[in-house]
Q: 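Structure incoming, see below.
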Amino acid sequence: MWLSRSVTVSLLPSIAKFSPFLPMHNSLFCSHLHSQTSLHDDAVSQFNRLLHQRHVPSIFEFGKILGFLVRMKQYSTSISLIKQMEFKGILCDLANLNLLINCFCHLHKLAFAFSVFAKIFKRGYHPDAFTLNTLMRGLCDKGEVKEALNFHDKVVALGFPLDQYSYGILVNGLSKIGETEAAIELLRTIQRPSIVMYNIIIDSLLKEKHPTEAYDFYYEMVIKGIPLNLVNYNTLIYGFCLVGQVEVAFGFLNEMISNSIRPDVYTYNILIDVLCKERKLGEAKNVLGVMVKAYVKPNVVSFNALMNGYYALNKVRNAKQVFSAMTHMGVSPDVKTYGIMINGFIRNKRVDKAINLFQEMHDRNMVPDTVTYNTLIDGLCKIGRISHAWDLFREMRGRNRQANVITYSSLIDGLCKNQHLDKAIELLRKMRENGVQPDMYTVNILINGMCRGGRLKNAQEIFQDLLNKGHNPNIPTYNAMISGLCKEGLLDEALTLWSKMEDSGCLSNVITFEIIISALFKNGQTEKAEVFFHEMISRDLLK
DNA sequence: ACGATCGCTG
């Protein structure tokens with residue numbers, strides 16, 4: 001019943017004729033830009049004044065400033081101020097030590113965090129739930145969820161206090177490393193799971209494309225009388241858009257509105273994005289108008305999503321209008337804005353313009369993130385400018401940007417397509433050495449590259465390696481191998497592999513059939529080609 | 001101290 005398409009969308013028909021692209025004069029939307037830097041400096045000088053006073057101020061005075069700096073995410077500064085404080089002989093209390101642990105965790109310096117943990121005992125304090133939760137979150141953030149669970153077991157055995165947040169942190173940690181099943185198991189051990197825990201599970205299930213299970217958890221909340229809040233609805237709306245059930249998402253939008261929960265900037269941004277992805281740019285732009293009418297201020301994500309939508313349709317002029325509307329409304333472009341524009345120009349075959357924007361980021365003291373580097377590296381590779389791409393790849397390390405599986409895959413693809421097959425294999429070795437595991441994309445790029453370059457042997461080695469490691473090849477993997485075998489005239493082997501593919505439950509797509517049929521025709525095996533052709537038709541693979 | 005939105009690889 002919930003899948004009904006007859007959901008009426010109360011929001012969209014009421015869309016105003018308001019043009020979001022006119023400069024705004026409403027004071028509500030003029031941003032009052034606080035300079036974070038000057039606030040930070042003020043806090044530090046205030047701290048130093050306290051530090052040098054004749055009468056030593058109470059520890060709470062320092063604590064207030066430290067708390068402020070942590071809220072401003074100034075972790076390194078907080079750590080150095082605490083060090084100065086202790087150097088002056090002002091000893092931290094438990095709250096300061098907790099704060100220090102928190103700072104080290106945010107900076108992923110867990111060894112330091114745990115040494116502060118030891119200090120808590122040395123000074124005769126007892127860790128509280130905050131201490132333990134912070135350490136568990138620190139472990140989870142680094143992906144060391146198993147360690148967090150072990151830590152949990154230990155502190156429980158020692159009788160230390162945990163609270164409502166503790167299990168939320170662990171459930172979240174498990175979900176974020178893809179262990180949703182384990183997260184659900186953990187949730188099931190809790191008598192009254194919180195709204196947040198339900199949300200974490202529903203979010204993960206939808207991101208892993210399990211809408212039915214996600215719906216079951218939503219239904220469980222309803223049955224148990226747990227009222228859904230704004231974040232729950234945003235998660236459901238986003239997730240159902242993600243699995244392609246946009247009308248269900250709009251159903252949740254209506255449900256939240258009828259429950260008197262007003263959409264916020266997240267809700268509207270999700271709608272803008274999904275409408276852009278459905279190529280309904282007019283409606284996406286209207287949502288921006290609706291949100292302004294509802295006194296919800298669009299943020300950088302709203303504009304980024306809309307701009308990306310226009311770039312996806314190669315509507316560069318409109319995208320530029322969005323950019324100027326955004327600055328008119330006092331919303332500053334961020335790294336992602338630049339990433340979207342760089343990607344837009346590359347899609348538009350204007351790599352030169354993309355490079356200019358990349359340069360502009362330098363001028364604005366913006367450090368491109370991994371995704372931006374990936375975008376440009378891939379764009380350069382695709383037009384054969386491998387050495388330029390390679391320069392950027394090397395530049396990343398110096399700017400503390402981690403190359404990931406996409407970075408390597410793009411470069412490997414570029415190397416393969418420009419006849420540098422040995423270098424491609426060398427880079428595969430290097431990525432593993434650097435702790436980046438190739439995924440199916442990487443493997444398929446390599447197999448394709450080797451086959452096209454006439455190095456079937458290398459392709460077979462990579463394919464065999466995949467099997468040896470217990471991974472399942474996917475359709476593109478089989479297609480690449482089958483095509484490689486056909487190219488070398490090894491039709492029988494190609495057909496044997498095709499049988500194995502089908503037996504393994506990996507069903508051919510239209511490309512598989514095209515490869516096989518054209519190879520059979522080329523080889524004069526017309527009758528066999530026709531058999532495959534009819535099989536393809538009977539499977540309804542022609543659109 | 002736990003949850004939600006935008007950009008990158010075949």
Side-chain angles (χ1 to χ4, degrees), chain A residues 98-99 101-102 105-106 128-138 140 162-173 175-176 194-204 206-207 229-239 241-242 264-274 276-277 299-309 311-312 334-344 346-347 369-379 381-382 404-414 416 438-449 474-477 479-480:
Chain A
N98 278 346
L99 189 136
I101 290 177
N102 189 15
C105 284
H106 277 289
D128 59 13
F130 189 105
T131 321
L132 305 169
N133 289 345
T134 307
L135 287 166
M136 288 196 294
R137 185 183 48 76
C140 287
L162 292 176
D163 65 7
Q164 43 163 341
Y165 293 126
S166 311
Y167 289 95
I169 291 165
L170 294 173
V171 168
N172 188 43
S175 291
K176 293 296 180 289
S194 66
I195 286 186
V196 173
M197 288 185 202
Y198 275 105
N199 200 61
I200 294 163
I201 298 297
I202 290 174
D203 181 53
S204 290
L206 287 167
K207 282 179 177 152
N229 67 16
L230 177 61
V231 178
N232 295 134
Y233 279 111
N234 285 343
T235 301
L236 285 163
I237 293 169
Y238 175 71
C241 286
L242 208 63
D264 71 348
V265 65
Y266 280 84
T267 326
Y268 288 113
N269 289 349
I270 293 161
L271 298 178
I272 290 173
D273 185 53
V274 73
C276 284
K277 300 220 156 93
N299 62 12
V300 65
V301 178
S302 326
F303 292 106
N304 285 352
L306 192 58
M307 246 176 58
N308 188 50
Y311 275 122
D334 64 3
V335 173
K336 289 184 183 177
T337 315
Y338 276 90
I340 288 164
M341 293 193 291
I342 287 170
N343 185 38
I346 286 171
R347 271 199 280 223
D369 57 12
T370 299
V371 175
T372 311
Y373 271 106
N374 288 351
T375 308
L376 197 50
I377 286 173
D378 188 60
C381 282
K382 291 230 160 50
N404 62 17
V405 60
I406 297 176
T407 325
Y408 284 103
S409 299
S410 293
L411 279 165
I412 290 174
D413 192 38
C416 284
D439 63 7
M440 288 313 293
Y441 281 112
T442 327
V443 170
N444 294 345
I445 287 168
L446 273 158
I447 291 179
N448 258 316
N474 59 19
I475 301 176
T477 323
N479 287 352

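In the text below, chain A, chain B and the rest are named by the order of the sequence lines, each starting its count at 1.
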Q: So what does Thr375(A) hit on the nucleic acid, given a heavy-atom distance under 4.0 Å: a base, only sugar-phosphate, or nothing?
A: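 Contact class for Thr375(A): sugar-phosphate only.
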Q: Just checking Asp163(A): base, sugar-phosphate only, or nothing, at a heavy-atom cut-off of under 4.0 Å?
A: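 Contact class for Asp163(A): base.
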Q: According to ring-ring contact (aromatic ring centres under 6.0 Å, His included), who are the partners of Tyr373(A), at least two apart in sequence or on a separate chain?
A: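 Counting only residues at least two positions away or on another chain, Tyr373(A) forms a ring-ring contact (aromatic ring centres under 6.0 Å, His included) with Phe358(A).
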Q: Considering every strand and a 4.0 Å limit on heavy-atom distances, what is the contact class for Asn229(A): base, sugar-phosphate, or nothing?
A: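 Touches a base.
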Q: What's Asn232(A) touching, base or sugar-phosphate or nothing? Going by heavy atoms closer than 4.0 Å.
A: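 The residue Asn232(A) makes base contact.
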Q: Which part of the nucleic acid, if any, lies within reach of Thr372(A) when heavy atoms closer than 4.0 Å are counted: base, sugar-phosphate only, or nothing?
A: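 Base contact - Thr372(A) has a heavy atom under 4.0 Å of at least one base atom.
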Q: Walk along DNA chain B from 5' to 3' and tell me the first and last nucleotide with an atom closer than 4.0 Å to a non-hydrogen atom of chain A.
A: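 From 5' to 3', the first and last contacting nucleotides are dA1(B) to dG10(B).
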Q: Name all residues meeting the salt bridge (Lys or Arg N to Asp or Glu O under 4.0 Å) criterion together with Asp378(A); count only those two or more places apart in sequence or in a different chain, and write none if there are none.
A: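 Asp378(A) satisfies salt bridge (Lys or Arg N to Asp or Glu O under 4.0 Å) with Lys382(A) only.
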Q: Looking across every strand, which nucleic acid part, if any, lies under 4.0 Å from Asp369(A) by heavy atom: base, sugar-phosphate, or nothing?
A: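 Contact class for Asp369(A): base.
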Q: What does Tyr238(A) touch in the nucleic acid at a heavy-atom separation under 4.0 angstrom: a base, only the sugar-phosphate, or nothing?
A: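 Sugar-phosphate: the residue Tyr238(A), judged by heavy atoms under 4.0 Å, touches backbone atoms but no base.
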Q: By the 4.0 Å heavy-atom rule, please label Asn98(A) as base, sugar-phosphate, or nothing.
A: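 Here Asn98(A) touches no strand at all.
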Q: Tyr165(A): which residues meet the ring-ring contact (aromatic ring centres under 6.0 Å, His included) condition with it, sequence neighbours left out?
A: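 Residues passing ring-ring contact (aromatic ring centres under 6.0 Å, His included) with Tyr165(A): none at all.
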Q: With sugar-phosphate meaning primed atoms plus P, OP1 and OP2, does Ile377(A) contact a base, only sugar-phosphate, or nothing at under 4.0 Å between heavy atoms?
A: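 Nothing, no heavy atom under 4.0 Å.
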Q: With sequence neighbours left out, what residues match Tyr233(A) under ring-ring contact (aromatic ring centres under 6.0 Å, His included)?
A: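 With neighbours one apart ignored, the set is empty.
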Q: Is there a donor-acceptor contact under 3.5 Å linking the side chains of Asp334(A) and Thr337(A)?
A: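 Note: Asp334(A) and Thr337(A) side chains meet the donor-acceptor criterion.
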Q: Kindly write out the residues that satisfy salt bridge (Lys or Arg N to Asp or Glu O under 4.0 Å) with Lys277(A), not counting sequence neighbours, or none if the list is empty.
A: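 Salt bridge (Lys or Arg N to Asp or Glu O under 4.0 Å) list for Lys277(A), sorted by chain: Asp273(A).
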